[in-house]
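Everything below concerns the one structure shown next.
Hydrogens, waters and symmetry mates are skipped; everything else that's a heavy atom, side chains included, is used.
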Number of protein chains: 2
Amino acid sequence: MAATEPLTAERILRATEEVLRRHGPAKATVVDVARALGVSHGSVYRHFRTKAALREAVTKRWLDRTSEALSGIAADADRDPESRLRDWLATLFAAKRRKAGDDPELFATYSVLAGEQGEAVAEHIADLTGQLTRIVAAGVDAGAFRAADPEATAWAVFRATACFHDPAYAPEWKTPGADADFAALVDLLVQGLRA
Amino acid sequence: MAATEPLTAERILRATEEVLRRHGPAKATVVDVARALGVSHGSVYRHFRTKAALREAVTKRWLDRTSEALSGIAADADRDPESRLRDWLATLFAAKRRKAGDDPELFATYSVLAGEQGEAVAEHIADLTGQLTRIVAAGVDAGAFRAADPEATAWAVFRATACFHDPAYAPEWKTPGADADFAALVDLLVQGLRA
DNA sequence: CAGCTGACAGATATTGAAATCTGTCAGCTG
DNA sequence: CAGCTGACAGATTTCAATATCTGTCAGCTG
């Protein structure tokens, strides 16, 4: 028999995701995770102090995967700010919609998790609005956008598009007019930003 | 003893509101309503075919109260469209915030009710976006706004401001920066609308 | 001795029996 | 006879007993 792999936080997180996928957020227990790994649940508590901490770590991972895809667009200083903004918003919407459509149950699971993790979600939102702020500020610097306070404006853009990234609105993302609605809203916002 | 007042739909609705206020949406029963009125619950079913129909009627009433306050602004053809739009949005936000702040439990009760009444809520939203469409269209006619499709644009404005009228965001309405955030968003949208 | 186990106390969730509620309707009442 | 009552069947909710889970820790193991 091969030597047992060491029990790492990474392995626990992967097992937790699997358990969440199978059982859903309400029924997933630490005992289930330990069983899936073939260890005692006491061992899991060696890596994560509480069940809440474990759930938060899983949530953070999931949120960070979205942030990373977008940070590339936000940081691409070569492209003009308006197309970067449009691309960033479209990519965010597309990513959320794909996740919600591909595996609705898993998406619902993560939405529940996100709902209980005020802290992790707040950080994620701060990260995203930070990226938006950089795009808006770049636009102001380039003379393409007009914004007295780029941070406040970025926040306004983020909130204005909440319908297209807040999981609460997920059911509406697959309705026929969603793309047209999204395009109309982005056009309106970009128009409002132009110098 | 005075003759017993006749049992009208109106009296039942008032009693139902009172029961909902006292017991909350989960525990309010038709039997409670009948008891509050001093009649048998069978009599309530004479006016409302089901409990769901009764709840829907109460919800509709509550939603209509908001619509009416706004319809005056939307219909006031004498004022210039931009100030009407700003006023309309500010009034909607103020009304929602006041209701949520004055009696959070009652607001939560109605939010739950609204959540189960897809039909009534859809009508209410259609009513509100209809009012918005009229304001936008008036602006286009007056040459103040530019919008290829006033209805689509009105819908975009409504969605963009969802954070300031969707009950799901109510907890954020009392945070310090809420007014500034609202003002920034409205400025951005109005800027985008201008011809 | 670092890492894991498994028994334990208190907290939380599940279960099934009993109570209550919804919706109907035959008949009472004014 | 129009409007109300109250008993009823089936659905839903409540409640308390039972089972499971969370988080800890003394001690085992390699």
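- The side chain of A:Val39 lies closest to C:dT5, out of C:dC4, C:dT24, C:dT5.
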Once pairs are restricted to Watson-Crick or G-U wobble with both distances under 3.5 Å, how does DNA chain D read as a dot-bracket string, [ ] for crossings and | for other-strand pairs?
||||||||||||||||||||||||||||||
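- Of the charged side-chain nitrogens involved, at least one lies within less than 4.0 Å of a carboxylate oxygen, so that A:Arg65 and A:Glu17 count as a salt-bridged pair.
- The side-chain heavy atoms of A:Ser67 and A:His124, taken from C-beta on, include a pair separated by under 4.5 Å.
- Between B:Lys27 and B:Leu7, it is B:Leu7 whose nearest contact on DNA chain D lies nearer the 5' terminus.
- Distances from the side chain of B:Arg46 to the nucleotides C:dT14, D:dG3, C:dC4 place D:dG3 closest.
- Side chains of A:Lys99 and A:Thr66: a donor-acceptor N/O pair is present below 3.5 angstrom, by distance only.
- Looking at B:Ser83 and B:Asp87, their side chains never bring a donor and an acceptor atom within 3.5 Å of each other.
- At a threshold of 4.0 angstrom between heavy atoms, the contacts of A:Thr29 are confined to the sugar-phosphate backbone, with no base atom among them.
- Distance from the side chain of B:Tyr45 is smallest for C:dG23 among the nucleotides D:dC4, C:dG23, D:dG23.
- At whole-Å resolution of the value, CZ in B:Arg49 and C1' in C:dC25 are 16 Å apart.
- With contacts defined as side-chain heavy-atom distances shorter than 4.5 Å, the pair A:Leu132/A:Leu128 does not qualify.
- The nucleotide whose nearest atom lies closest to any side-chain atom of B:His47 is, among C:dG23, D:dC4, C:dC4, D:dC4.
- Using a 4.0 Å heavy-atom distance criterion, B:Val31 is classed as a base contact.
- A cation-pi arrangement, defined by a distance under 6.0 Å to the six-membered ring centre and an angle within 45 degrees of its axis, is present between B:Arg97 and B:Phe93.
- Rounded to whole angstrom, the span from the NE2 atom of B:His23 across to the C1' atom of C:dT20 amounts to 13 Å.
- Judged by distance alone, with hydrogens and angles left aside, A:His41 brings a side-chain donor or acceptor within reach of the base of D:dG23, the pair sitting under 3.5 Å.
- Residue order along DNA chain C, read from the 5' end via each residue's closest nucleotide, puts A:Ala26 first among A:Ala26 and B:Thr50.
- The CG atom of B:Leu37 sits 10 Å away from the P atom of D:dT5 (whole-angstrom rounding).
- Closest to the B:Ser40 side chain, of the nucleotides D:dT5, D:dT24, C:dC4, is D:dT5.
- Ring geometry for B:Phe164 versus B:Phe182: interplanar angle over 60°, hence perpendicular rather than tilted (30 to 60°).
- In the set C:dT14, D:dG6, C:dC4, C:dC4 carries the atom at the smallest distance from any side-chain atom of A:Ser43.
- If you take CG of B:Asp32 and P of C:dT20, they are 12 Å apart, rounded to a whole angstrom.
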